[in-house]
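What follows is a short report on a single structure.
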Amino acid sequence: MAAYSIGLDFGTESVRALLVDASSGAAVATAVEPYASGVIDERLPSTGERLPPDWALQDAADWLTGLERTIPQVLSVSGVAAEQVIGIGVDFTSCTVLPTTADGTPLAGTDAWRAQKHAWPKLWKQHGAEPEAERVTAVAAKRRESWLPRYGGRISSEWLLPKALEIATHAPDVYDAAHRIVEGGDWVVWRLTGVLARNACAAGYKGTWHKRDGYPTRNYLRELAG
């Protein structure tokens, strides 16, 4: 029986699916599903609240809807049976992060937090955490943290640590309620498999993790939070 793989590309405005013949690498079928909410950069859908400048959010429900629609499309167009698919690969625009409960439920997907803008997934191009990025960089520079030079001596407001600090600073109740703050790509894989695994690329580049040294130390994080 022929075997196939599906690649899922979660972009800024849509999910793209590609069905590939696993033996030859030939592209067999493609599908695209735009996000219903698109890029949320003007008003919060749940309340109509106007968002601050430089904000860009997404709705995690759109990611799952895109997955649920594009995979059947490529199978239907190609005539490939689901049983012939031996693997699914996921890539994602990083650093798009979201706070979740312990079981992976997005906080913004719950009634308790849907009206709080800091509970929503923060898209890679949100630059609202610029003051936090400046603090992350300044504290690391003062302490001569060994990991800072790996990033050119400056941490971007697009990355995980400034966005997490932004939540902790401006919405501590959201931060306290979040069991995890995860990359969107890791979250999709978590939904598919039931297992949370951090991908090394996003963790290393956007999450300040190192395969030998791990994450920044607790002492650094305490000073950062202080």
Side-chain angles (χ1 to χ4, degrees), residues 39-60 92-102 104-148 150-187 196 198 202-210 214-226:
V39 175
I40 303 167
D41 56 8
E42 294 184 359
R43 294 184 180 276
L44 197 65
S46 56
T47 64
E49 175 189 355
R50 182 172 291 280
L51 296 173
D54 299 321
W55 270 56
L57 307 177
Q58 285 192 325
D59 190 339
F92 210 99
T93 53
S94 65
C95 180
T96 295
V97 299
L98 67 157
T100 77
T101 64
T105 302
L107 290 191
T110 66
D111 291 339
W113 297 109
R114 195 159 180 79
Q116 167 53 264
K117 59 181 177 289
H118 285 282
W120 286 65
K122 295 176 185 275
L123 185 58
W124 66 269
K125 67 177 184 175
Q126 167 156 318
H127 298 140
E130 189 59 41
E132 287 74 23
E134 295 287 347
R135 176 165 175 77
V136 169
T137 300
V139 173
K142 185 188 74 169
R143 292 173 52 89
R144 299 184 183 275
E145 293 288 335
S146 61
W147 48 265
L148 187 59
R150 290 200 293 264
Y151 303 98
R154 181 178 177 82
I155 300 301
S156 168
S157 62
E158 295 181 1
W159 297 357
L160 188 149
L161 198 51
K163 286 177 176 174
L165 183 59
E166 181 186 30
I167 296 172
T169 301
H170 299 285
D173 52 346
V174 174
Y175 186 84
D176 290 341
H179 189 79
R180 304 275 187 182
I181 297 177
V182 299
E183 278 275 354
D186 294 338
W187 181 80
L196 174 60
R198 307 277 183 159
Y205 182 19
K206 306 298 177 64
T208 59
W209 172 84
H210 188 271
Y215 289 103
T217 65
R218 289 184 180 273
N219 286 339
Y220 166 78
L221 295 174
R222 289 191 187 99
E223 184 168 346
L224 182 66

If you round to the nearest 0.5 Å, how far is [atom2] of [Y] from [atom1] of [X]?
X: E158; Y: H127; atom1: CD; atom2: NE2; answer: 3.5 Å
X: S157; Y: L165; atom1: OG; atom2: CG; answer: 12.0 Å
X: T105; Y: L98; atom1: OG1; atom2: CG; answer: 10.5 Å
X: H170; Y: Q116; atom1: NE2; atom2: CD; answer: 11.0 Å
X: E166; Y: L161; atom1: CD; atom2: CG; answer: 12.0 Å
X: E223; Y: L221; atom1: CD; atom2: CG; answer: 10.5 Å

Please test K122 against L57 for side chain to side chain contact (heavy atoms under 4.5 Å, CB included), starting from the C-alpha separation and ending with a verdict. CA-CA 5 Å; K122 295 176 185 275; L57 307 177; 4.1 Å; yes
Look at atom OH of Y151 and say whether more than 12 heavy atoms of other residues, nucleotides or ligands are closer to it than 6.0 Å. yes
Should we count CG of D176 as having more than 12 external heavy atoms under 6.0 Å? yes
Validation row: [X], [Y] side chains within 4.5 angstrom (heavy atoms):
X: T217; Y: R143; result: yes
X: T208; Y: V136; result: no
X: F92; Y: W124; result: no
X: S146; Y: H210; result: no

Salt bridge between E130 and R154, side-chain N to carboxylate O under 4.0 Å? yes
Atom of [X], atom of [Y] and distance for their closest heavy-atom approach:
X: H118; Y: P99; result: O-CG, 4.0 Å
X: A115; Y: L44; result: O-CD2, 3.6 Å
X: G207; Y: L160; result: CA-CB, 4.3 Å
X: W120; Y: R114; result: NE1-O, 2.9 Å
X: P162; Y: S156; result: CG-O, 3.3 Å
X: L148; Y: A141; result: CD2-N, 3.7 Å

Spell out, as yes or no, whether a donor-acceptor pair under 3.5 Å connects the side chain of [X] to the backbone of [Y].
X: W187; Y: G104; value: yes
X: Y220; Y: V139; value: no
X: K163; Y: L123; value: yes
X: T110; Y: L107; value: yes
X: K206; Y: E183; value: no
X: T137; Y: I155; value: yes

If you apply the rule side chain to side chain contact (heavy atoms under 4.5 Å, CB included), what do you find for I181 with Y175, and how did you get there? CA-CA 9 Å; I181 297 177; Y175 186 84; 4.1 Å; yes
Give the intermediate values and the outcome of side chain to side chain contact (heavy atoms under 4.5 Å, CB included) for residues Q126 and L51. CA-CA 11 Å; Q126 167 156 318; L51 296 173; over 6 Å; no
Do the ring planes of W209 and Y215 sit parallel (below 30°), tilted (30 to 60°) or perpendicular (above 60°)?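 Plane angle between 30° and 60°, so tilted.
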Given side chain to side chain contact (heavy atoms under 4.5 Å, CB included), test R135 with T169 step by step and report yes or no. CA-CA 12 Å; R135 176 165 175 77; T169 301; over 6 Å; no
